[in-house]
Chemist: 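What follows is a single structure, and I will ask about it in a moment.
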Amino acid sequence: MNLEQYIRDIPDFPKPGVVFKDITPLLNDCDAYNYTVGQLLKLIGEQKIDKVIGVESRGFFFGMLLAQKLKAGFIPVRKPNKLPHKTLAQSYDLEYGSDAVEIHADAIHKGDKILIHDDVLATGGTAGAVCQLVKELGGEIVQCNFLMELTLLNGREKLDGHPVASLLKY
Ligand SMILES: O=P(O)(O)OC[C@H]1O[C@H](OP(=O)(O)OP(=O)(O)O)[C@H](O)[C@@H]1O
Ligand SMILES: Nc1ncnc2[nH]cnc12
């Protein structure tokens, strides 16, 4: 299956000059998203995963599906002031702006094997901040896993040498 046909380019969204990669056609097709889950699982292989982190908001869709298949827990990493319990926060720069991410401080136990999932690796600011949160809580990052990678933005460089895998490269 050619997954690229389910990802739509939206020029100048959300700001002029940005070509937004829209995954809603992929989410809208059961065969396509099931196939995608299978392909993402192949990237992980036989590696043991205790918890999958999905990054708000588009990382939630496949993050939760992956967690179920991997028989792992799911941890939402959210934008500021959304999580109700005690949190740890990390700020970062975006391709189009800046923001911060938060995690519940009790979500990871020392030594937990963590898969970080998001839809897009762009500048790496978001995923880099998530790596920092996992490190501070004593988790072990097994893989940073993405549907797609915008290679010209060199996001991998922000991920501290952790293994990175993506299904599509643009
Ligand atoms: O590698 P980076 O440059 O950090 O960019 C990647 C991040 O940007 C997008 O999220 P966005 O902040 O647009 O939020 P959303 O998922 O809620 O739409 C995307 O889903 C990643 O989380
Ligand atoms: N070009 C892009 N398309 C979709 N999500 C993104 N996140 C950061 N850059 C993006």
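On a predicted model such as this, the values are computed, not experimentally measured, just so you know. Computed over heavy atoms, backbone and side chain alike; hydrogens, waters and symmetry mates excluded. Numbering of residues begins at 1 and proceeds along the displayed sequence. Both ligands and their constituent atoms are indexed starting at 1 by order of listing.
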Chemist: Does any pair with a residue in residues 101-152 pass ring-ring contact (aromatic ring centres under 6.0 Å, His included), and if so which ones, sequence neighbours excluded?
Modeler: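 Non-adjacent pairs meeting ring-ring contact (aromatic ring centres under 6.0 Å, His included): His85-His104.
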Chemist: Is there a side-chain contact between Gln39 and Met1 (heavy atoms, below 4.5 Å)?
Modeler: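 Heavy-atom side-chain distance check fails, nothing below 4.5 Å.
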Chemist: If the test is side-chain contact (heavy atoms from CB on, under 4.5 Å), which one of Leu167, Leu121, Asp118, Leu66 qualifies with Asn145?
Modeler: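 For Asn145, the side-chain contact (heavy atoms from CB on, under 4.5 Å) check succeeds only for Leu66.
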Chemist: With a 4.0 Å cut-off on N to O distance, would you call Lys113 and Glu140 a salt bridge?
Modeler: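 A salt bridge links Lys113 with Glu140.
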Chemist: What atoms of ligand 1 come within less than 4.0 Å of a heavy atom belonging to Val120?
Modeler: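 Once the distances to Val120 are compared, the set is 6 (C), 21 (C).
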Chemist: For Val19, which part has a heavy atom under 4.0 Å from ligand 2: side chain, backbone, both, or neither?
Modeler: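 Backbone only.
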Chemist: Which atoms of ligand 1 are found less than 4.0 Å from any heavy atom of Asp119?
Modeler: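 What qualifies from ligand 1 is 19 (C), 20 (O).
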Chemist: N/O to N/O below 3.5 Å, does that happen between Leu121 and ligand 1?
Modeler: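 Leu121 vs ligand 1: no N/O contact under 3.5 Å.
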Chemist: Is there a side-chain contact between Lys86 and Asp106 (heavy atoms, below 4.5 Å)?
Modeler: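 Heavy-atom side-chain distance check fails, nothing below 4.5 Å.
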Chemist: Give the single entry among Val18, Val101, Thr123, Asp118 that approaches atom 22 (O) of ligand 1 most closely by any heavy atom.
Modeler: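 Considering heavy atoms of Val18, Val101, Thr123, Asp118, the nearest to atom 22 (O) of ligand 1 sits in Asp118.
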Chemist: Do Leu40 and Phe61 belong to the same hydrophobic cluster, where Ile, Leu, Val, Met, Phe, Trp and Tyr are linked whenever their side-chain heavy atoms lie under 4.5 Å apart, directly or via other members?
Modeler: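 Leu40 clusters together with Phe61.
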Chemist: Mind checking whether Ala122 has an N or O less than 3.5 Å away from an N or O of ligand 1?
Modeler: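 Checking ligand 1 against Ala122, an N or O pair does fall under 3.5 Å apart.
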Chemist: Measuring only between side-chain heavy atoms, which start at C-beta, is Lys21 closer than 4.5 Å to Leu150?
Modeler: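 Touching, per the 4.5 Å side-chain cut-off.
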Chemist: Considering distance alone, does some N or O of Arg58 sit under 3.5 Å from an N or O of ligand 1?
Modeler: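 Between Arg58 and ligand 1 (N or O atoms, distance only) the closest approach is under 3.5 Å.
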Chemist: Hey, which atoms in ligand 1 end up nearer than 4.0 Å to a heavy atom of Glu56?
Modeler: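 Those atoms are 16 (O), 17 (O).
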Chemist: Quick one: does Gly155 get a heavy atom under 4.0 Å from ligand 1?
Modeler: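 No heavy atom of Gly155 comes that close to ligand 1.
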Chemist: Show the atoms of ligand 2 that are less than 4.0 angstrom away from any heavy atom in Ala122.
Modeler: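 Near Ala122, meaning under 4.0 Å from one of its heavy atoms, ligand 2 has 8 (C), 9 (N).
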Chemist: Would you call Lys158 a ligand 1 contact, heavy-atom distance under 4.0 Å?
Modeler: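 Heavy atoms of Lys158 never come under 4.0 Å of ligand 1.
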Chemist: Which of the numbered atoms in ligand 2 are under 4.0 angstrom from any heavy atom belonging to Val120?
Modeler: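 Going through ligand 2 atom by atom, the ones under 4.0 Å from Val120 are 4 (C), 5 (N), 6 (C).
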Chemist: For Lys21, is at least one N or O under 3.5 Å away from an N or O on ligand 2?
Modeler: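 Yes; at least one N/O pair falls below 3.5 Å.
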Chemist: Can you list the ligand 2 atoms lying under 4.0 Å from a non-hydrogen atom of Arg58?
Modeler: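 So the atoms of ligand 2 that pass are 4 (C), 5 (N).
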Chemist: Same cluster or not: are Leu168 and Tyr35 linked, directly or through other Ile, Leu, Val, Met, Phe, Trp or Tyr residues, by side-chain heavy atoms under 4.5 angstrom apart?
Modeler: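 Yes, because Leu168 and Tyr35 connect within a single hydrophobic cluster, where side-chain heavy atoms sit under 4.5 Å apart.
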Chemist: Between Val19 and Tyr170, is there a side-chain heavy-atom distance shorter than 4.5 Å?
Modeler: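 Of all side-chain heavy-atom pairs linking Val19 with Tyr170, none is under 4.5 Å.
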